[in-house]
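Notes for the one structure printed next.
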Amino acid sequence: MSESVSHRASEATPMVGAPLDSATGWRAVKMSVKRLVDTAGAVDGLKTMAKINQVGGFDCPGCAWPERPHRKRAEFCESGAKAVADETTSQRADSEFFANHSLAELAAADDYWLGGQGRLVQPMIRRPDSTHFEPIGYTDAYDLIAGALKSLKSPNETVFYTSGRTSNEAAFCYQLLARALGTNNLPDCSNMCHEPTSVTMAATIGVGKSTITFDDF
């Protein structure tokens, strides 16, 4: 394992100390700004913060923040700012990164470290018996996908999964592709991610969702 991953793993050791005086306030503002500056840069980071949940801006990807007629300058929380920072990061995981980190090394690293390496810049492939992801061109990647789809005995052997971060327009085009292929297997993120919740919670406490009612709230 490389020094960077080993160092990151050592930082995961729990630390015990006196509790903080607060969880919000100026400390939250400071941490939010720092995260955005570290990932997107000072100018782009602060410009982005000014548009979160604003009229003419964009909805925060962190939660369903209510839309009010009169917006404050900071219409987001610390978690939302950090979510936006992750989306706007200038860090890039390119072919050199994958050449320097084997599949075994990546599997051993924690999610926080992996997420901090940045966005993918090109398609990557794991070839049979290979120890690393390798870059592949878009045309070759689409040819591989098309070949796999054509080799199926039935379109219903496929599953077209979509993420909660997918735009409505992209999801619409994606489902058109699935239906043109001949299947309706289109589970979304709530179906895939919350199925364990609905099954396990129902078996454990008798209900597969939040137990609080509006009256209790």
Side-chain angles (χ1 to χ4, degrees), residues 1-16 30-49 52 58 60-63 78-149 151 158-167 170-171 174 177 187-197:
M1 184 176 290
S2 69
E3 180 181 354
S4 60
V5 179
S6 298
H7 178 65
R8 178 64 193 88
S10 66
E11 291 180 348
T13 304
M15 298 178 63
V16 179
K30 177 182 176 181
M31 295 303 297
S32 300
V33 172
K34 182 179 185 303
R35 183 69 169 272
L36 275 164
V37 170
D38 289 346
T39 54
V43 176
D44 290 339
L46 295 176
K47 283 183 177 180
T48 302
M49 288 183 70
I52 304 175
F58 62 91
C60 176
C63 73
E78 180 182 358
S79 296
K82 291 179 177 178
V84 171
D86 288 340
E87 293 288 331
T88 58
T89 180
S90 59
Q91 300 295 322
R92 296 292 182 264
D94 53 18
S95 58
E96 182 180 357
F97 168 80
F98 288 103
N100 292 332
H101 298 85
S102 67
L103 290 165
E105 184 178 349
L106 295 174
D110 59 72
D111 292 345
Y112 182 85
W113 184 86
L114 290 170
Q117 305 314 302
R119 290 182 173 276
L120 296 173
V121 298
Q122 63 189 116
M124 304 296 295
I125 185 174
R126 177 187 179 181
R127 300 189 185 279
D129 301 323
S130 176
T131 59
H132 290 71
F133 282 116
E134 302 173 17
I136 183 174
Y138 278 97
T139 299
D140 292 336
Y142 285 131
D143 285 344
L144 281 176
I145 296 171
L149 292 176
S151 68
T158 62
V159 174
F160 288 79
Y161 171 79
T162 57
S163 167
R165 299 297 175 83
T166 304
S167 67
Y174 196 53
L177 171 63
D188 59 18
C189 62
S190 61
N191 176 217
M192 296 285 282
C193 301
H194 295 290
E195 192 66 19
T197 305

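Under the salt bridge (charged side-chain N to carboxylate O under 4.0 Å, His left out) criterion, the residue pairs touching residues 112-132 are E87-R119, R127-E134, with sequence neighbours excluded.
In this structure a side-chain-to-backbone donor-acceptor pair under 3.5 Å is missing from T89 to D86. Side chain of S90 to main chain of T39: a donor-acceptor pair is present (N/O by atom type, distance under 3.5 Å, no hydrogens or angles). Without hydrogens or angle criteria, D140 side chain to I136 main chain gives no donor-acceptor distance under 3.5 Å.
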> Run the side chain to side chain contact (heavy atoms under 4.5 Å, CB included) check on V33 and M49 step by step: do they pass?
Replying inline: CA-CA 9 Å; V33 172; M49 288 183 70; 4.2 Å; yes
>> Let's go through L149 and T158 carefully: what are the C-alpha distance in whole Å and the side-chain angles of both, what is the deciding distance for side chain to side chain contact (heavy atoms under 4.5 Å, CB included) to 0.1 Å, and is it a yes or a no?
In response: CA-CA 8 Å; L149 292 176; T158 62; 3.7 Å; yes
>> Would Y138 and D143 count as a side chain to side chain contact (heavy atoms under 4.5 Å, CB included) here? Give the steps.
In response: CA-CA 8 Å; Y138 278 97; D143 285 344; over 6 Å; no
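Residues C60 and G80 share a closest heavy-atom pair of SG-CA, 3.5 Å. A pairwise comparison of heavy atoms in R35 and A85 identifies CG-CB, 3.7 Å as the closest pair. Residues L144 and I125 share a closest heavy-atom pair of CD1-CD1, 3.4 Å. Nearest approach of P135 to M124, heavy atoms of both residues: N-CE, 3.5 Å. Counting all heavy atoms, side chain and backbone alike, A93 lies closest to F98 at O-CE1, 3.7 Å. Nearest approach of E105 to N100, heavy atoms of both residues: OE1-O, 3.8 Å.
Between K34 and D38 there is a salt bridge, since at least one side-chain N of the basic residue sits less than 4.0 Å from a carboxylate O of the acidic one.
Expressed to the nearest 0.5 Å, how far NE2 of H101 lies from CZ of F133 amounts to 13.5 Å. Expressed to the nearest 0.5 Å, how far OG of S95 lies from CD of Q122 amounts to 5.0 Å.
Here F58 pairs with T48, K51, I52, V84 under the side chain to side chain contact (heavy atoms under 4.5 Å, CB included) rule; sequence neighbours left out.
Two residues are said to be in side-chain contact when any heavy atoms from C-beta on lie closer than 4.5 Å; T88 and D44 fail this criterion.
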